[in-house]
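What follows is one structure encoded as structure tokens, with my remarks underneath.
Predicted model only: the values in this text are computed from it and were never measured.
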Amino acid sequence: MINFLILPILIPLVTGVLLIFAAKHIMLQRLIAGLSALITVIVSVLLVKKVNNDGIQTLNLSNWDAPFGITLVSDMLSALLVLTTSIIALACVIYSFRGIDEDREKFYFYAAVNFLIVGVNGAFTTGDIFNLFVFFEVMLMSSYVLIVIGGTKIQLRESIKYLLVNVISSALFVIAVAYLYSVVGTLNMAHISVRINEISELGQPGIITVIAVLFLIVFGLKGAIFPLFFWLPGSYYAPPAPVLALFGALLTKVGVYSIARTYTLFFYQDGGLIQQLLTILAVISIILGIIGAIAYWDIKKIVIYNIIVAVGVILFGISAMTQDSLIGAIFYLIHDMNVKAALFLLVGIMAAITGTSDLRKISGLIKRYPGLGWTFFLAALSLAGIPPLSGFVGKLLIIKGGFESEHYWGAGIVLMSSLLVLFSIMKIFINGFWGTSRDYEGADKVSVKRMMAAPVILVAIAVFYGVGSEFVYPYISQAAETLANPGIYIDAVLKEY
Amino acid sequence: MEILISVIVGILFMSATYLMLSKSLLRIIIGTAILSHGAHLLILTMGGLKRGAAPLLGESASSYSDPLPQALILTAIVIAFGVTAFFLVLAYRAYQELGTDNMDKLRGNEGND
Amino acid sequence: MKTNDVILQTATKVVLFLIVLFSVYIFFAGHYTPGGGFVGGLLTSGAIILLLLAFDMKTVEKILPVNYMYMIAAGLLFAIGTGAGALLFNVPFLTHAFTDVDLPILGHLSLHTAALFDLGVFLVVVGVTMIIIKTIGEDD
Amino acid sequence: MSLLHLAIISPFLLAILVPIAYKLFRQIHTGWFVLPLPILLFSYFISYLSITSDQQSVTKSFSWIPALGIDFAAKVDGLGLLFALLISGIGSLVVLYSIYYLDKNKEQLNTFYVYLLLFMGAMLGVVLSDNLIVLYTFWEFTSFSSFLLIGYWYHREKSRYGAQKSMIITVFGGLSMLGGIILLYLMTGTFSISEIIAGSDEIFSHSLFVPALLCFLIGAFTKSAQFPFHIWLPDAMEAPTPVSAYLHSATMVKAGIYLVARMSPVFAEHSLWLWLIAGFGITTLFWGSFSAVKQTDLKAILAFSTVSQLGMIMSLLGIGAAALHFETVDDSYFTVATTAAVFHLINHATFKGSLFMVAGIVDHETGTRDIRKLGGLMNFMPITFTLAVIGTFSMAGLPPFNGFLSKEMFFTGMVRVLEMDIFNLDTWGFLFPVLAWVASVFTFIYSMILVFKTFTGKFQPEQLEKKPHEAPIGMLISPIILASLVIIIGFFPNIIANTLISPAQAAIMPVEGYVYDTHIYFWHGFTPELFMTLGVITLGILLFVTLPKWRRVYDFLPEKLALNRFYDSGLSGIQHVAHKFTKWYMNGSIRNYLVYIFTFFIITLLSVLFLKGAFKFDASNVSAIRFSEIVLALVIAIGAITIMFVKSRLTSIILLGAVGYTVALFFVLFRAPDLALTQLVIETISVALFLLCFYHLPQIKDEERMPFKATNAVISIGVGLVITLIAFSAHSNKLFDSISQYYIDNTYEKAAGKNMVNVILVDFRGFDTMFEITVLAIAALGIFGMIKLRLGGGKKNENK
């Protein structure tokens, strides 16, 4: 079936529409949302297998040959990210059955989640730069809905900021596409690469570099790199836990993915300037992220700032541009999506039990909730990249790549960032789970066991992902190979070109 | 012509930026609207202006103006409309709930200490 | 926004009729001349808004008992369905088909699945515009 | 997967079963389920002695992540086996001891034994891995299992503090070691220790060699609590005493020693290696023993004693490494230091293990560990007293105990430093024997304090929580076994000389074809070492007796060790500064954020534009301007500029509409009828929406101060300028024809339409359109939800 790769976009899309019809029936909504998320996961697994067996999958929509129509491209990177997204979506949907209030469920919560997944999967899959913009908008509009739904004061206030920043970044995206179109006259990403390659024999023209930087700003705003990340901590603080998990795990990563894609496909012949810029920004992001992470006594904030650290680490891997560092970056990207989702859900449970996210008001949780405590402990170690859990191999390869490309300082900072990440996250464990146990009002109403299902699945994946790196490695290295050799991607898209 | 429009686009962006930096929510939203106007004009300019007839077949023209940017703009306009509408309602609700439209008073410091 | 201006109401009905007619024309002409689902949809909703201005919300709801949220969903389903039809024939998603037919009375007609797709667009645009106007209107 | 692998992971497997056993058999102390494992492991490892005694090794490999060169290669050689025996042997004794020490009704035994088993498995993994990544994995495991053990009584503030501290410092070292591992990999292309050692000659002059060396040393020093990283160890005493006995006599802290020994063949050729190790070791030795004297808590004395003893072993390894540096392994001149290191490692495990257990017994039976409250316990606990005497005398280096023998050899090693001529050691080398001697005096003193302040002197029952009595026999078995070892080794050191020590030495300093033969003599004649020992004893006794008189020396030092204070204030300071800093720039003001973002936008784009010479202005390719267009341009420009200064909301909205309609007119002029139509309708609806939503909003107030306005103006002009300049350049750089010709050619033929724009929208790029209406639909959902759902409880603000 040639349309197979569109299914991870199409299934959530149809589900989202159906959920509009089912808005008033919560149980029906849960059933549809859960089932469809499960099916999407299965389909994504099959897609990864298909890409593994048959090579890069492409689909020329409306049957117009590339580069004239819109082409969807599932290479291994995209397929893996789609799979990860689908898994996280499933986890968040399951969590939401207990973790979100019924009022929100009635007001199209699940529909918005599904549309968000449409946008994210679409952004990972599309091979057309303007279509990427459209999927960004799908994703963003859904995120606007998710961040504001419920209409509490903090949500409304932070939504304004979130919206404003993203409206600006969207406008910049449009003009970046406009500039690019002016110079190369095409929108298909493989075709853009071919054309830039044609004119870059004597070095990449300056205007391409300028456009590259503009794209970096656009995607950097989404991916929350320094100095474009200011909006993130506040905005992510506002929505409820499952939404936060989706945002923290997926949204910034779409920005990171886009940087990885465009910088390896179009802008790789620049002779170092952009790479250097990227490296510097990545390292500063790590540092500022860490400073933020250790600064706060709020469990949500701590994890939120860790998003910025992770983005920096991944980008550092991408900017080092060695084979190892690219493999490491992809390893780490997928790891981080998974483990961030788990952490946000766990932090959500903590907040649900205690009614606060202020760490100074929480203590001794492990006595009553040992399962929660140990799941958190494992997730925390994963986040810090402690072997054999999931973060390790990625970090190892990124650092190795960093040393190889002689970015000693940067690689050293990535290395030592683990320590402070660990410190920041273990602060939650030491103070929140250890210590004298307290009684919390309303803690009995929280069905912790049922809420635990989703994070436990994610943490189990993290463990497998780390211990079973050998199984994962061939896929990841295949994904990195496409990044390292744009020719593979181009040949797959423009077969007869 | 392209040069003139480029300058106009620059002015639109300037105005939009200025408005978005102000404190009043209304001005900010107006700024975003102007921003999208600027972006749309820019796409058209980048496609090249006036190189032939309108992209409608049957007018027996020898050349047509570039239809692709026009299609992109149409998509962008509609999306911008959706976003602007959303933003407006958000502002309206925020004003209802928070009692101010001054961004300076909408800083917030949850979990910030 | 209640008003009893008979002249306005009568005029509205006439204008409404014209606008709807025009928007339907625009919608169908889209493939050949300027227009299409967007503009058609926007014009139609413009007409309904005009109706709203002339009469009150309740009257309009009586004339057009539509759940606009469902309308949006239906529009989306239309658009997706047009595309997904291709899945049955194992051709790329959204592949359109068209054929020319000569019908006894209507004469030469071009049947185009793109028109169905555009109908989806039309429905969504009307639905969305109406939802926005209505929810804000009701909140006042 | 071999039996050896199974042995290494067996503690982990058992750890899974422990909670089950705990649940099922609450009446039986969980320790009994655990005890058989270390005993079994010990006997299993004993069987390897026959191989290692011949100074051979066995390697069993098991693929883990072969793609990255990470194999779980388990290697048993003299060094690894020595440690494995210590881990399983002392492990058995500790488990036995803990069964009597920890009350099954009061303690969370399931977690305790899970942690302990995790730790045991991790340690076995560290010492038996031949792959550096696997070693690192287990290394971090030891850090975290000891973190959990130290924090076992997690409701205590001090336990949490100690756990966090040990975690931070040891993980820091672990990460540093990881850096070293990666550097080594870059030089050699392998993670296998054996292969790295085999190829170590070639990397000696590599520029990454020294950084790798330093990274490894930081790893080893933090783990082995070397100065100045030793500060975590005393706080780690918050763990239950069996844990301390285990972690700080034979295992955790010795991992650093192990690492240094293991990596010696790689790095020892470089003089920096031996100099740093010996230097830090001797400093630690001195500082630890000096600090131990002023402690009043039994376990604190033991903690500092451990620090000091580790320093001693470390410094010996450093000096022993000189044999590799000078390639004089075969003449035993410097290798005696290595022999002493290995020997003392074993001895330390025996006497320190028993002393920790003794301290535990005292604590358990009297309720305190404060030597100011203790005294005269000899009569109540004679067996414990005897054990304490054996342990402390051995530690003080008194004959006939094993500590005496290794201390003598230690002095020998130190004296021989004088012969080295690297790093000015010919001049400053005398410091080594001097410091060693002084430190030994302090060691003697605190050893005496330990035993005599506790067991002799005045008995103060009113200070004690419990009425003291001899410990139950179960609790005494383990220390008795250890103390017996102290004596046996003291009398018959050569039992272990060629079974344990030589094989370990062969692993630390492998030389092709050379077989080590160690023989330990009780009597060396009247050597300088002997006189040093006599001096230690004489001065030691003198100082011990006069202790109250000179104790004030310590008052001149700050109450809390400066280093500790540095750690505490550093940690809180970092957090404080981080908080201040983050709060400063993350101040919630969206305007500030936008200023940062736009500034970055302007600066980077402008600089890249000019750095790369990308700016281009080419007016040849442009279309002509008509008068009507100039008018429209003026309208739009004036509209856009005026709107910046308008205060009335209505005027603003009208001006916005004017701009929008003018854009629509532009679309007409530029042959874009579809766009014009859409823009017109949308602009109308938008303006209506603006009016509808902002009917209630207040007038725009002009409350912005002048500097603000100036910044805003500069930034806005900058943004506009950048956009325009890039537009010029992009337009002047049209390098390819657009793909649009395809649409013009094929719209009718293949898509059966005439309006190209519409055909693109519904057909060529119909996919875009599909999701664009999806965006609209989502917006509608959101708007609907925003208006209808109000969880914030806010009511409509009617009066404003």
Would you please indicate yes or no on a ring centroid separation below 6.0 angstrom for A:Phe403 and D:Tyr185? no

Flag the pair D:Phe147 / A:Trp434 as yes when their ring centroid distance falls below 6.0 Å, and as no otherwise. yes

[X], part contacting chain D, at a heavy-atom distance under 4.5 Å:
X	value
A:Leu228	both
A:Tyr408	side chain
A:Leu396	both
A:Leu19	neither
A:Leu116	neither
A:Asp101	side chain
A:Val118	side chain
A:Leu164	side chain
A:Phe109	neither
A:Leu13	side chain
A:Ile20	side chain
A:Leu420	neither
A:Lys367	both
A:Phe133	neither

Considering all heavy atoms, the nearest [X]-[Y] contact:
X	Y	answer
A:Ser142	D:Ile778	OG-CD1, 3.5 Å
D:Leu186	A:Lys400	CD2-CG, 4.0 Å
D:Thr582	A:Ala295	OG1-CB, 3.9 Å
A:Pro227	D:Ile597	O-CG1, 3.9 Å
D:Glu140	A:Pro387	CG-CD, 4.3 Å

Out of D:Met770, D:Gln164, D:Arg765, D:His155, which one racks up the most heavy-atom pairs below 4.5 Å with chain A? D:Arg765

Select, from D:Phe172, D:Trp153, D:Tyr743, D:Tyr593, the one with the greatest count of heavy-atom pairs under 4.5 Å involving chain A. D:Tyr593

Contact origin within [X] toward chain A - heavy atom pairs under 4.5 Å:
X	result
D:Asp768	both
D:Pro66	both
D:Ser729	both
D:Ile70	side chain
D:Lys580	neither
D:Leu776	neither

Student check: side-chain heavy atoms of [X] and [Y] closer than 4.5 Å:
X	Y	answer
D:Leu735	A:Val184	no
D:Val775	A:Leu140	no
A:Ile207	D:Phe615	no
D:Tyr154	A:Phe433	no
A:Phe230	D:Leu594	no
A:Val213	D:Phe601	no
D:Phe764	A:Ser62	no
D:Phe767	A:Phe135	yes

Side chains of [X] and [Y]: do they bring a donor and an acceptor to under 3.5 Å?
X	Y	value
A:Trp64	D:Asn746	no
A:Lys427	D:Gln575	yes
D:Ser740	A:Tyr181	yes

Below 4.5 Å, heavy-atom pairs only: which of [options] has the largest tally toward chain D?
options	value
A:Ile290, A:Val165, A:Ile399, A:Leu288	A:Leu288
A:Leu277, A:Asn131, A:Thr436, A:Ile294	A:Asn131
A:Ser437, A:Ser477, A:Gly206	A:Gly206

With distance as the sole test, does D:Trp64 use its side chain to make a donor-acceptor pair with the main-chain N or O of A:Glu470 at under 3.5 Å? no

